[in-house]
Amino acid sequence: MYRKFYQTLEQWEEQQIKEPLLVVGARQVGKTWIIKEFCKNRYENYKYLNFESMKGLDSVFEESLEPETILENLEILTGEKIGKDTLLFFDEIQKSERAITALKYFCEADYNYRVIGAGSLLGVKLNRFETSFPVGKVRIEKMYPMDFEEFLIAMGEDKLITKIKDHTMKMSPMPEAFHNKALELYRHYLYVGGMPQCVADFSVTKNVMDFDRQLQANILLAYTADMKKYTLSVAEGIKIEEVYHSIPRQLAKENPKFKYKEVRPHANKRDFYLPLDWLRSSMLIYKVAKVELPQSPLRTYTDENIFKIYLSDVGLLAYEAGVSYRDLLPESDNMFKGILTENYVIQQMNSAGWETFYYKPDASMEIDVLLDNEGDIIPIEIKSGRHIRSTSLKNYCEKYSPVDKIRLSYRNFGISDTVRSVPVYAFFALLDHLLQ
């Protein structure tokens with residue numbers, strides 16, 4: 001399946017970036033598959049080395065961290081010729097801290113070695129590195145679940161994508177038949193999500209009734225297993241699991257800001273700060289910070305104690321919350337439809353590299369998402385969210401006079417009172433357009 005991350009790998013190779021590449025992402029987002037595809041297509045010689053499945057691989061780094069010695073030791077371990085021109089792909093590299101440290105020496109060598117590392121819990125390891133991390137000696141890139149555009153490509157809807165992008169640029173209404181089809185595919189995405197295995201299964205029949213939701217259950221079970229296996233203690237693993245499973249419940253609240261006491265009665269930040277940090281580092285959740293002032297740069301105006309938490313994949317949230325496809329249909333008034341839409345928006349923004357913030361100075365105003373576009377703060381209202389905030393965006397515009405304002409909804413493209421109305425399914429195209 002097509003993944004935009006392939007372009008990141010291509011750029012690293014074409015520019016001959018000397019720093020080894022570290023690919024960080026949650027389990028089963030497709031890191032190993034896309035890197036292997038890249039290696040097959042771009043290199044005559046590459047070696048896949050997995051620290052979880054290859055016995056004794058970590059011992060290669062015990063003697064010396066010099067690249068020449070490492071290559072010699074790899075030849076002895078594998079019984080194969082591994083030359084300087086061989087790309088080394090170290091999978092699950094978080095299992096060996098010395099292997100990560102060795103990347104510094106690959107970077108500093110006279111020869112431009114090509115080295116890629118990846119790992120499901122690599123982010124956690126980097127966040128808790130016990131020795132000296134090779135700062136400035138590695139290129140760290142994040143990989144996410146498939147975004148909606150990638151989902152559409154997997155469904156064979158390339159021409160529809162072109163239509164969506166064209167109408168996003170012109171802000172002209174889509175033909176009603178195309179608009180309704182895109183909305184239906186959007187609902188499919190909310191239900192299936194962007195985990196590659198789930199998308200691959202759904203792409204066979206493209207029928208939600210045939211989609212095997214056990215795939216989502218298995219992914220969540222794998223996440224839970226990681227929480228218990230790759231933590232500092234049993235108690236920490238239990239806390240991480242408690243936080244993760246509390247998220248759908250917290251999002252369903254009238255005020256969905258994250259509360260530690262919703263995880264466990266009488267709990268506070270001290271009790272669950274580290275588990276929350278573990279989930280963020282493993283890229284299983286997204287954090288949306290509240291800003292005190294909608295000015296650029298937004299990150300300097302955040303209140304670190306007030307934030308919302310969403311899951312890394314909207315399909316996993318739908319499954320975790322027990323949402324059926326019937327709950328997503330137009331005639332349904334299920335409140336969780338709006339919550340999934342919020343999660344969808346946050347997921348698309350993270351995939352596209354945008355930071356996420358929200359603004360709520362008082363009860364009369366709440367802007368779901370603020371987007372910092374090179375200094376211009378763009379308020380984004382999600383009309384399919386939990387509230388019909390007909391006055392919030394109006395009040396915000398009267399106070400701050402933003403150069404651009406956007407309303408995401410199930411409605412077609414249009415402009416009303418200088419507010420751009422954009423269908424939810426076109427959000428990926430809007431983000432692309434803003435970057436141009």
Side-chain angles (χ1 to χ4, degrees), residues 23-34 50-53 91-95 118-128 142-147 189-202 211-252 258 262-264 272-288 308-323 336 339-340 343-344 346-347 350-351:
V23 181
V24 181
R27 187 177 295 280
Q28 298 190 46
V29 297
K31 299 182 300 298
T32 299
W33 181 84
I34 197 67
N50 190 311
F51 278 92
E52 279 195 344
S53 61
D91 206 358
E92 302 299 344
I93 195 174
Q94 78 279 353
K95 302 281 286 184
S120 301
L121 295 170
L122 180 54
V124 175
K125 183 62 179 179
L126 299 182
N127 201 40
R128 299 182 177 184
K142 295 180 178 179
M143 186 173 178
Y144 297 89
M146 299 172 72
D147 67 15
Y189 182 77
L190 294 189
Y191 188 70
V192 175
M195 300 303 285
Q197 189 179 11
C198 297
V199 176
D201 178 83
F202 180 69
F211 173 59
D212 184 6
R213 297 196 88 183
Q214 186 59 43
L215 295 172
Q216 294 169 323
N218 291 343
I219 292 171
L220 290 171
L221 285 172
Y223 287 172
T224 301
D226 283 346
M227 295 171 196
K228 295 175 180 177
K229 184 178 179 182
Y230 298 105
T231 50
L232 298 176
S233 66
V234 174
E236 184 191 30
I238 293 173
K239 286 183 176 181
I240 292 170
E241 191 175 352
E242 285 182 293
V243 172
Y244 190 80
H245 292 307
S246 79
I247 294 171
R249 184 173 68 250
Q250 299 217 37
L251 288 174
F258 184 84
E262 292 291 340
V263 179
R264 186 187 293 175
F272 286 97
Y273 174 78
L274 286 178
L276 192 63
D277 183 62
W278 190 97
L279 287 168
R280 286 192 69 196
S281 299
S282 63
M283 295 178 63
L284 296 185
I285 61 172
Y286 303 120
K287 181 179 179 180
V288 183
K308 301 176 186 177
I309 297 293
Y310 294 89
L311 294 194
S312 60
D313 179 69
V314 68
L316 294 182
L317 176 60
Y319 181 84
E320 178 80 1
V323 175
F336 223 84
I339 297 169
L340 289 172
N343 204 115
Y344 158 83
I346 300 305
Q347 182 175 340
N350 276 271
S351 296

Distance-only polar pair, side chains of Tyr189 and Gln347, donor-acceptor under 3.5 Å: yes
query: Within the side chain of Asn350, is there an N or O that forms a donor-acceptor pair under 3.5 Å with the backbone of Ile346?
result: yes
- prompt: Do the non-hydrogen side-chain atoms of Leu284 and Trp278 ever get within less than 4.5 Å of each other?
  reply: yes
task: Fit a plane to each ring of Tyr144 and Tyr286, take the angle between them on a 0 to 90° scale, and name the class: parallel (under 30°), tilted (30 to 60°) or perpendicular (over 60°).
output: tilted
field: Contacts of Phe258 that satisfy ring-ring contact (aromatic ring centres under 6.0 Å, His included) - sequence neighbours left out
entry: Tyr260, Phe307
message: Given 3.5 Å as the limit, does a donor-acceptor pair link the side chain of Gln216 with the main chain of Val192, or not?
response: yes
query: Does the side chain of Val263 reach to within under 4.5 Å of the side chain of Leu276, using non-hydrogen atoms?
result: no
message: Considering only residues two or more places apart or on different chains, which pairs with a residue in residues 234-248 satisfy salt bridge (charged side-chain N to carboxylate O under 4.0 Å, His left out)?
response: Arg128-Glu236, Glu242-Arg264
field: Contacts of Asp147 that satisfy salt bridge (charged side-chain N to carboxylate O under 4.0 Å, His left out) - sequence neighbours left out
entry: Lys4
field: Sequence neighbours excluded - salt bridge (charged side-chain N to carboxylate O under 4.0 Å, His left out) pairs with any residue from residues 220-234
entry: Arg27-Asp226
task: Assess whether side-chain contact (heavy atoms from CB on, under 4.5 Å) is satisfied between Met146 and Met195, documenting all intermediate values.
output: CA-CA 6 Å; Met146 299 172 72; Met195 300 303 285; over 6 Å; no
Ser281: partners by side-chain contact (heavy atoms from CB on, under 4.5 Å), with sequence neighbours left out: Val124, Asn127, Asp277
field: 4.5 Å side-chain heavy-atom contact, Tyr310 and Ile285
entry: no
- prompt: When rounded to the nearest 0.5 angstrom, what is the spacing between CG in Asn343 and CD1 in Ile247?
  reply: 9.0 Å
field: Pairing residues for Ala217 by the side-chain contact (heavy atoms from CB on, under 4.5 Å) criterion, not counting sequence neighbours
entry: Gln214, Tyr319
Minimum heavy-atom distance between Pro248 and Ala321, given as atom pair plus value: CB-CB, 4.2 Å
message: I'd like to know if the side chain of Lys31 reaches the main chain of Gly25, judged simply by a donor and an acceptor atom lying under 3.5 Å from each other, with no hydrogens or angles considered.
response: yes
Within-4.5 Å side-chain heavy-atom neighbours: Glu92 and Ser120: yes
